[in-house]
There are 4 protein chains.
Amino acid sequence: MGGGAERAGRPGRPRSEDARVAVLQAVDDLLVDVGYAAMTMKGIAERAGVGRQTVYRWWSTKAEILLEAVTEDAEAELAGPAVADDPAADLTAHLRALTAFLTSAPAGLAYRALLGEGQHDPVVGGLLGHADPLRAPTEAVLARLRTSCPGMPPAPLAAAQTVGPVLAPLLAAAAPLADDLLRTHAELLLRAWGQRG
Amino acid sequence: MGGGAERAGRPGRPRSEDARVAVLQAVDDLLVDVGYAAMTMKGIAERAGVGRQTVYRWWSTKAEILLEAVTEDAEAELAGPAVADDPAADLTAHLRALTAFLTSAPAGLAYRALLGEGQHDPVVGGLLGHADPLRAPTEAVLARLRTSCPGMPPAPLAAAQTVGPVLAPLLAAAAPLADDLLRTHAELLLRAWGQRG
Amino acid sequence: MGGGAERAGRPGRPRSEDARVAVLQAVDDLLVDVGYAAMTMKGIAERAGVGRQTVYRWWSTKAEILLEAVTEDAEAELAGPAVADDPAADLTAHLRALTAFLTSAPAGLAYRALLGEGQHDPVVGGLLGHADPLRAPTEAVLARLRTSCPGMPPAPLAAAQTVGPVLAPLLAAAAPLADDLLRTHAELLLRAWGQRG
Amino acid sequence: MGGGAERAGRPGRPRSEDARVAVLQAVDDLLVDVGYAAMTMKGIAERAGVGRQTVYRWWSTKAEILLEAVTEDAEAELAGPAVADDPAADLTAHLRALTAFLTSAPAGLAYRALLGEGQHDPVVGGLLGHADPLRAPTEAVLARLRTSCPGMPPAPLAAAQTVGPVLAPLLAAAAPLADDLLRTHAELLLRAWGQRG
DNA sequence: ATCTAACCGAGACGGTACGTCACGTCTTACA
DNA sequence: TGTAAGACGTGACGTACCGTCTCGGTTAGAT
């Protein structure tokens, strides 16, 4: 991976931060310009103005580069801006942010591309499983709701019930849930979780 | 697509059904043997004992072949076997069948591969949107439940709430929901839908 | 070959003269339009409006078709038009006709193409050796000259000395001998042959 | 062409001389083993143990490779070994060497193949026109003869009269002139050139 | 002020899949 | 039987990208 542990006074020329940033930027650009499938390691190196070997030295696959490029951005873009004191409004706002992220944000497109690649390549699937950028924001929302939802199920199911109905139509049909259905979704979740099982 | 309209007494040698079947079988085999990513048009043709041009004549991409290979099988494997008279049991059984299909069945693996490809290639995404093999079985179950669920939301959301929480963890983390959580998921859905909104 | 022996009351549909002529015409056209190298059996059949199998039934290679198409034309185009009573003028006229045939006439281009193919394919080389369209006209001229040339060498060498200096620059450099050099060539030949060895 | 201008301290990995030599050798071998027509770029690359792209990087066609492979060899093989003081013997020796080269020497076979290809492909024809391997040796012989031949015509015709009668029967009939006719040919040439026009 | 080691760009290397083309054969319906 | 049409298995085409390697050069810490 690109990050890597810092190395103290090692001899030799240090890694070029310019090159690293140029590669990450090139990946972002290419994803928008040509799409994930048409993106190649060769193309990334050329777009970044970087030697091919330099790319291979720090990353193994385009998915790895994309994951690094996307990781920080995702959390920033998904961080619920203002928290309403109304649970339904709070949850609905999160669902809307999630939908917007997945359909419009560059990082969201990258995430969907990675998710797709994860179905083909188990290594990518594993990386995503450990570094799922959707998890932290979702768990933050659920933590706020937990006090008013005594019947909320264990975290994995609660997260799946929250995110799944938003994610699935996007992945399976490339069509997001309508905006009013997001609100209905939030209300139904809270109703189900409202009473102790 | 491989099917194509029937043609009456056209001149020329007719399409070889042998070749068509051999290609579809080869795709099934290769998906299991080498995985979607390592599957190539060249490899498909060779495994099928068929000319490369013959493959290209009837299909454009490996995704198209896979979609044809999988379409019929999917519905058969997902057809709810026995319908319990208990709604919760009925729904839970469907969710289990769905999980099993997606994690174990060859057609399920193919579906996930296609879903992944759909994130990269909009054409494949469109094909899946129109021929989603999960839709019909799910709507059949929901139709049975509708009488006892006066609060069930519109079909798109109801289907998303049913399938999404099962699908999302599989796609995002390659980890299915635990079996008991499927049961809890079903009960929570029925609770939310039980009372009129 | 296309010609073939006549067959008396054989059963079945007789060979289509239309198809035969269309193929020969197509070969002529294609040679001019796209050149020999780009000419294919498939293209010939399509240009002739004829089934591919029909071409293969009567000819094996494009060279064979071309040879049949060219054979008659060649002698006609090379038949010395008017015979001068001056041997030098007679010979020079023949050399000029030969040069014109090889550089300009469609049949001449076809002959050069066949000659080229003969270097690669011994079968074509053999066909040409037996059906050389240049031989008969050349021998006719030499026969007329023989009375005034007591030193003319045996026919193979005489023909080679006559035709070779015209042919070689064309084949090796795609550049014909200049017109006045043709005249000089004729005069030198006659001088060499004029006195008994 | 394979040669190319020398490049000073250019960046990047330099061209592999091993690969270049292997390709030229492979072409020589294949010409003998399978003939020109059956020789393919793919086959050349495989026989040379070289990537296909490497072949295409430096040469466009098999003819180009063959031309490079043959250029040096040709002059060496045709260099008149010993020069007799008798003009007729000198010229006859050259004609015999030429015949042997064209009928037996590997480079001669390659030259004939190129000559054939030149009839189909004008690019090859042009290359041959500029790099005709027969020209230099022939002109060397004619230069030696010129003092004793006051009637020798301009160089293009003299060369054509010398080489043409040897070359033409080989190309048109795949049959060389008989050995004694070569001697006769030389004597007739010298007789024609001996007296001033 | 070297020396050494790791980095950098460029680009050629042996491979392999791409999608297309033509090969020569075959299998139809029709004449 | 001959014919036009057209699909068949085969295999070369020329291109693109793979991941590796080898150049000349650069940039640091260690000597």
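Order of the sequence lines sets the chain letters (A, B, ...), proteins ahead of strands, with each chain counted from 1.
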Look at the side-chain N and O atoms of [X] and state whether any lies under 4.0 Å from the OP1 or OP2 oxygen of [N].
X     : N      : value
A:W59 : F:dG19 : no
C:T40 : E:dC21 : no
A:T54 : E:dC7  : no
B:W58 : F:dC8  : yes

Spacing between [X] atom [atom1] and [N] atom [atom2], to the nearest angstrom:
X     : N      : atom1 : atom2 : result
B:R10 : E:dA29 : CZ    : P     : 13 Å
B:R47 : F:dG9  : CZ    : P     : 17 Å
D:M39 : F:dC13 : CE    : C1'   : 15 Å
B:E46 : F:dC8  : CD    : P     : 17 Å
C:E64 : E:dG24 : CD    : C1'   : 15 Å
A:I44 : F:dA16 : CD1   : C1'   : 15 Å
C:R20 : F:dG2  : CZ    : C1'   : 16 Å
C:D18 : F:dA4  : CG    : C1'   : 14 Å

Heavy-atom donor-acceptor pair, C:R57 side-chain to F:dG2 base, under 3.5 Å: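 No pair found.
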Step-by-step salt bridge (Lys or Arg N to Asp or Glu O under 4.0 Å) determination, B:R20 to B:E68: CA-CA 11 Å; B:R20 181 183 150 268; B:E68 177 169 345; 3.1 Å; yes
Side chain of [X] - closest among [options]:
X     : options                : result
D:P11 : F:dC8, E:dG9, E:dC8    : E:dG9
D:R52 : F:dG9, F:dG14, F:dT20  : F:dG14
B:S16 : F:dC8, E:dT25, E:dC13  : F:dC8
B:Q53 : F:dT10, F:dT20, E:dG14 : F:dT10
B:K42 : E:dG11, E:dT27, E:dA17 : E:dA17
D:Y56 : E:dC18, E:dC13, F:dT15 : F:dT15
D:R13 : F:dA4, F:dG9, F:dC21   : F:dC21

Distance (rounded to the nearest 0.5 Å) between C:T61 OG1 and C:D121 CG: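 One gets 7.0 Å once the value is rounded to the nearest 0.5 Å.
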Point-to-point distance, once rounded to the nearest 0.5 Å, from CD1 of B:I44 to CD1 of B:I65: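 B:I44 atom CD1 to B:I65 atom CD1 measures 4.0 Å (nearest 0.5 Å).
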Option among D:V27, D:L24, D:V124, D:L30 that satisfies the side chain to side chain contact (heavy atoms under 4.5 Å, CB included) test with D:L66: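 Per the side chain to side chain contact (heavy atoms under 4.5 Å, CB included) rule, the option paired with D:L66 is D:V27, out of D:V27, D:L24, D:V124, D:L30.
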Taking every non-hydrogen atom, the tightest pair across D:G116 and C:Q119: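 It is CA-CG, 3.8 Å.
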Considering all heavy atoms, the nearest A:P106-A:L31 contact: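 So the minimum-distance heavy-atom pair works out to O-CD2, 4.3 Å.
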DNA chain F: 5'-proximal contact among B:E17 and A:S60 (nearest heavy atom):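 Whichever sits nearer the 5' end wins; that is B:E17.
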Residue whose nearest DNA chain F nucleotide is more 5′ - B:A48 or C:V50: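 Nearest-nucleotide comparison on DNA chain F picks C:V50.
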Sugar-phosphate, base or nothing in reach of B:G49, heavy atoms under 4.0 Å: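 If one applies the 4.0 Å heavy-atom cut-off, B:G49 turns out to touch the sugar-phosphate alone, with no base involved.
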